[in-house]
There are 2 protein chains.
Amino acid sequence: MNRFLSHATNRIDAKGRVSVPSSFRGVLAKLDIRELYCFQDFVFPAISAGGPELLDRFERQIADEDPFSPQANEMSLLIHGGGVFMKLDQEGRLMVTDFIRDFTGITNEVTFVGRADHFQLWAPQVFQETQATARQERRLRGLRPG
Amino acid sequence: MNRFLSHATNRIDAKGRVSVPSSFRGVLAKLDIRELYCFQDFVFPAISAGGPELLDRFERQIADEDPFSPQANEMSLLIHGGGVFMKLDQEGRLMVTDFIRDFTGITNEVTFVGRADHFQLWAPQVFQETQATARQERRLRGLRPG
DNA sequence: TGGGACCATATGGGGGTCAATGGGATTTGG
DNA sequence: CCAAATCCCATTGACCCCCATATGGTCCCA
């Protein structure tokens with residue numbers, strides 16, 4: 001598989017680490033991603049993680065604007081100030097830093113959620129509720145496929 | 001890493017010093033920056049800090065305009081009158097002067113914010129709020145990439 | 001078909017290394 | 001000569017390499 005799919009919840013250990021699901025690590029290996037660009041999502045209280053080209057894409061978007069404009073300044077505040085590169089340890093674990101905890105509300109467990117070209121880190125209960133809400137809204141709009 | 005990313009909050013000690021995050025110091029070393037050019041940001045209540053070439057870039061921009069124009073005059077007022085050079089001590093700490101405190105509202109703690117080619121000093125709560133607002137505006141503009 | 005060998009993943013923790021912080025001692029500048 | 005800035009060292013705590021254990025699943029063979 002070459003994209004991130006499904007979701008799984010893992011425990012954070014006493015040192016603040018959590019295992020990234022094996023299937024996600026497999027995708028990372030296949031895409032040759034050794035360092036994760038992680039940023040605070042613009043819409044949900046979740047951390048999004050993907051390859052460095054994700055940041056490149058954002059920066060190209062900034063470069064298309066006047067570099068001194070408030071909009072460019074604001075965008076940089078989010079993708080640079082709200083983003084960071086992280087690495088997995090040898091066992092494929094990730095440190096759950098305050099950068100992640102403060103923004104997501106994660107405490108003891110992490111729900112990993114596949115999003116095709118990247119994946120996200122959620123507080124389990126927040127993910128449950130948000131997904132349920134999204135499903136509900138979709139049903140109300142009558143856009144449910146199938 | 002060769003650019004300033006992410007954010008971190010450090011305490012100001014009894015002598016008014018604060019540690020610059022290790023990752024930022026690493027970038028400074030890699031870019032061979034020994035002296036910081038610090039200036040009052042044009043958009044946000046934050047101090048921006050980077051290498052001397054930052055000032056050079058601003059001055060070149062002034063030089064491209066009519067030197068007696070109001071715009072050039074105004075720009076000089078900001079980058080010269082609102083700027084200063086600073087150095088880190090041996091442990092990588094920075095004196096938090098009134099120049100910094102008055103403009104940012106910083107008192108006990110400093111949030112360091114990466115901005116790719118420079119970094120900023122914010123009052124922690126002001127940063128939180130400004131970033132949240134930026135995220136909100138981005139959402140309203142419907143410009144979410146990805 | 002049931003038991004057991006084998007394997008992969010998740011989890012736990014020891015111990016070294018490095019960064020953040022605190023504070024005494026010394027120097028510098030007005 | 002005094003106050004502030006800087007140097008230097010000690011302490012604490014966080015992170016990371018490395019190895020051990022737990023847990024659950026699959027495959028093979030009797």
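Both backbone and side-chain heavy atoms feed into the values below; hydrogens, waters and symmetry mates do not. Letters A, B, ... are given to chains in the order of the sequence lines, protein chains preceding strands, and every chain is numbered from 1. Remember, it's a predicted structure, so these values are computed and weren't measured experimentally.
- Spacing between atom CG of A:Leu88 and atom C1' of D:dC15 amounts to 15 Å, rounded to whole angstrom units.
- Protein chain A touches strand DNA chain C; the 5'-most and 3'-most nucleotides with an atom under 4.0 angstrom of its non-hydrogen atoms are C:dT9 to C:dG15.
- Each of B:Thr9 and A:Val20 was matched to the nucleotide of DNA chain C holding its nearest heavy atom; the match closer to the 5' end belongs to A:Val20.
- Remark: C1' of D:dG13 and CE of A:Met95 are 12 Å apart, rounded to the nearest angstrom.
- B:Val18 comes within 4.0 angstrom of no nucleic acid atom, judged by non-hydrogen atoms across all strands.
- Straight-line distance from the CG atom of B:Asp13 to the P atom of D:dA4: 15 Å, rounded to whole Å.
- Rounded to an integer number of Å, the gap from B:Asp98 CG to D:dA5 C1' is 15 Å.
- In this structure, B:Asn10 atom CG and D:dG13 atom P are separated by 16 Å, rounded to whole Å.
- Residue-level contact check: B:Ser19 touches the bases, meaning some heavy atom is under 4.0 Å from a base atom.
- If you take CG of B:Asp89 and P of D:dC9, they are 14 Å apart, rounded to a whole angstrom.
- No donor-acceptor pair closer than 3.5 Å links the side chain of A:Asp98 to the backbone N or O of A:Asp102.
- Within 4.0 Å of B:Arg11, counting heavy atoms only, lie sugar-phosphate atoms of the nucleic acid but no base atom.
- Put simply, the side chain of A:Arg115 never gets that close to the backbone of A:Gln120: no donor and acceptor are under 3.5 Å apart.
- In this structure, the CD atom of B:Glu91 is 7 Å from the C1' atom of D:dC8, given to the nearest Å.
- Taking the side chain of B:Gln90 as heavy atoms from C-beta on, and the options D:dC16, D:dC8, D:dA5, the nearest nucleotide is D:dC8.
- Of the N and O atoms on the side chains of B:Arg57 and B:Gln61, not one donor lies less than 3.5 Å from an acceptor on the other residue.
- The aromatic rings of A:Phe24 and A:Phe112 sit perpendicular, their planes meeting at an angle over 60°, well past the 30° parallel limit.
- Heavy-atom minimum distance, A:Pro124 versus A:Thr9: CG-CG2, 4.0 Å.
- Nearest approach of B:Arg93 to B:Ser19, heavy atoms of both residues: CG-OG, 3.4 Å.
- Looking only at atom types and distance, the side chain of B:Glu59 has a donor-acceptor partner in the side chain of B:His80 under 3.5 Å away.
- Computed from coordinates, the A:Lys15 NZ to D:dC16 P distance equals 11 Å when rounded to whole Å.
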